[in-house]
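The block underneath contains the structure these notes are about, expressed in structure tokens.
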Amino acid sequence: MLEFMPVILFAVICIVLMFGFPVALSLAGTALLFAGMGLGLEAIGIDANFDSGYLAALPNRLYGIMTNQTLLAVPLFVLMGVLLEKSKVAETLLDAMALLFGAMRGGLGISVTLVGMLMAASTGIVGATVVTMGLMSLPTMLKRGYSTSLATGTICATGTLGQIIPPSIALVLLGDVLSSAYQQAQLDMGIFSPKTVSVGDLFMGALVPGLLLVVMYMVYVALVAWLRPHMAPAADREELMAELGHTSGIGMLLLKGLVPPVVLIVAVLGSILSGFATPTEASAVGAFGALVLALAYRQLDWATLKDVLRSTTHVTTMVFLILIGAALFSLVFRAYGGEHMVTELFEGMPGGVVGATIIVMLVIFLLGFILDFIEITFVVVPIVGPILLAMGLDPIWLGIMIAINLQTSFLTPPFGFALFYLRGVAPPSVSTSAIYRGVIPFILMQLGMLLMLTFFPQLATWLPAQFG
């Protein structure tokens, strides 16, 4: 029984999280409980296979989190996203895109996808994108005769693009975890001058798969509109213009809504891709640019600024508390020999590295039904990452595979957060079952992207190699 303590610890963590307890406190509290059990059993002479020396590393771990330069990008990107949400850039852009494409069948769905892509590349916050799109575009799509499932599925899936299209907070967190895992894997292999993988590498690796997902979404909407015109009918441009309340032309709307976010995206991503700035430095540029935009659109007053800073502090505090809890969990898991258990399991698995990768991806996908992406990133990836990387996998490819897999966790019932966000702002006439039905094709498309990356890993590794 005691030799299976790592498995029991992991299972108890999952059960506690499913009951809805705070993530950080669940991780830290459960880990401390099991550490106490291990120390107590050792004290009464029972061999619990618990190495208490691992706990001595906790202060250094916490200090490392506090001084981590990469993680400074988290509050700055969150600040950038919240400021852009308040500046109403997306509202103007969505109106312009709706007027531009709305006269064609499926045009409103394509407009939502394009605007969602730009919001993902400028905010990186899934909740902000889904709520904004749900409030602004869902009533118009339903009024124009769109199928409820198609409209809700498109909005939810487009919102999750913030997970994969940089600058993404998920990629920042995943990059930091994978960087540590990659260095540990090389040290385990006897390489004492290890190479590193940066958040910037993951940003570059995610660009092509992220854009391909956007194309897949638009092709799907266009095919549905072509095969079943009643599900995505064309809208009358004059009626749309009257409904949206715009008297100026489409060109002026596009200029006002498209240019500012594109300039900001180019400033942030361009500085990273060119090597001119690190992701942390670029996040500061993005936050400053978002502040300028909010001021230019006259959407920033003292009350709004306080609200923005409060939201930023709330999200940042949550992330760092989870980091601390995950660090404690990781140490206790290793103290019970969990790392060796997982290594032996993977090495004895049929199919070698291929079989191990398939199992890990399947486990992450299934955990996405019940856990949040932050929980999976901080609990699962530090356990399996070093082992898979030591087996020879490319760290950038593995990171993008995990990121897209985690993207599905926002869409998979019952705990898909994108579903919750849209349910909260959707009209009462929209049933929850319609939202669930609508996201199924998009989940399949994301899984299809995982297959494409499996057979064509260059989709993730080519761009970082060009700039490396």
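Using a 4.5 Å heavy-atom threshold, the side chains of L309 and L79 count as touching. Side-chain contact between E281 and V285 is absent, with no heavy atoms from C-beta onward closer than 4.5 Å. By the 4.5 Å heavy-atom criterion applied to side chains, L114 and M218 are counted as neighbours. The closest side-chain heavy-atom distance from F329 to I383 is below 4.5 Å. Within the 4.5 Å cutoff, no side-chain heavy atoms of L459 are placed close to those of I400. In this structure, the side chains of L83 and L293 stay at 4.5 Å or more apart for every pair of heavy atoms. Here the side chains of M204 and W462 are not in contact, with every heavy-atom distance at 4.5 Å or above. Side-chain contact between C156 and F442 is absent, with no heavy atoms from C-beta onward closer than 4.5 Å.
Using a distance-only test at 3.5 Å, with no hydrogens or angles considered, a donor-acceptor pair links the side chain of T408 to the main chain of N405. Not a single donor-acceptor pair under 3.5 Å links the side chain of T158 to the backbone N or O of I155. The main-chain N or O of L9 is never found under 3.5 Å from a side-chain atom of Y336 such that the two would form a donor-acceptor pair. The backbone N or O of G134 lies less than 3.5 Å from no partner atom in the side chain of S137, so there is not a single donor-acceptor pair. Side chain of Q163 to main chain of T160: no donor-acceptor pair is present (N/O by atom type, distance under 3.5 Å, no hydrogens or angles).
For residues 371-406, the set of pairs meeting the ring-ring contact (aromatic ring centres under 6.0 Å, His included) definition, not counting sequence neighbours, comprises F373-F410.
Nearest approach of A403 to I164, heavy atoms of both residues: CB-CD1, 3.9 Å. Summarising the geometry of A73 relative to S283, their closest heavy-atom pair is CA-OG, 3.6 Å, with the distance given to 0.1 Å. Between P209 and M449, the shortest heavy-atom distance links the atoms O-CE, 3.9 Å. Listed here is the closest heavy atom pair of A356 and L388: CB-CD2, 3.9 Å. Shortest non-hydrogen contact noted between L419 and T412 is CD1-C, 4.3 Å. Across all non-hydrogen atoms, the minimal contact from A181 to G385 is CB-C, 4.1 Å.
Using modelled atom types, one finds no donor on one side chain facing an acceptor on the other under 3.5 Å when comparing S179 with D176. A side-chain donor-acceptor contact under 3.5 Å links D301 and T304. Of the N and O atoms on the side chains of T280 and Q69, not one donor lies less than 3.5 Å from an acceptor on the other residue.
Shown here is Y297, whose OH atom has more than 12 heavy atoms of other residues, nucleotides or ligands within 6.0 Å.
Considering CE of M318 and CG of L323, their distance stands at 10.5 Å, rounded to 0.5 Å. M445 contributes atom CE, which lies 8.5 Å from atom CG of L213 (distance to the nearest 0.5 angstrom). Summarising the geometry, atom CD belonging to Q458 is positioned 10.5 Å from atom CG belonging to D394; distances are rounded to the nearest 0.5 Å. Distance check: L174 CG to I402 CD1 gives 5.5 Å after rounding to the nearest 0.5 Å. The distance from atom CG of N49 to atom CD of E42, rounded to the nearest 0.5 Å, is 8.0 Å. From T317, atom OG1 reaches atom CD1 of I322 across 11.0 Å, with rounding to the nearest 0.5 Å.
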Discussion item. Please determine whether side-chain contact (heavy atoms from CB on, under 4.5 Å) holds for the pair L161 and Y217, giving the CA-CA distance in whole Å, both sets of side-chain angles, and the decisive distance to 0.1 Å.
Written reply: CA-CA 11 Å; L161 290 172; Y217 291 174; 3.8 Å; yes
Item to complete: Please lay out, stage by stage, how S330 and R61 fare under the test side-chain contact (heavy atoms from CB on, under 4.5 Å).
Response: CA-CA 10 Å; S330 176; R61 287 287 187 94; 4.2 Å; yes
Item to complete: I would like to know whether F77 and V268 meet side-chain contact (heavy atoms from CB on, under 4.5 Å); could you show each step before the answer?
Response: CA-CA 10 Å; F77 277 135; V268 174; 4.0 Å; yes
Worksheet item: Should L422 and V425 be marked as a side-chain contact (heavy atoms from CB on, under 4.5 Å) after you check the CA-CA gap, both sets of side-chain angles, and the distance that decides it?
Response: CA-CA 5 Å; L422 187 61; V425 298; 4.2 Å; yes
Discussion item. The test is side-chain hydrogen bond (donor to acceptor under 3.5 Å, both in side chains); show your working for S198 and D201 and say whether it passes.
Written reply: CA-CA 5 Å; S198 68; D201 294 328; 3.2 Å; yes
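Annotation: side-chain contact (heavy atoms from CB on, under 4.5 Å) contacts of T454 (sequence neighbours excluded): M401.
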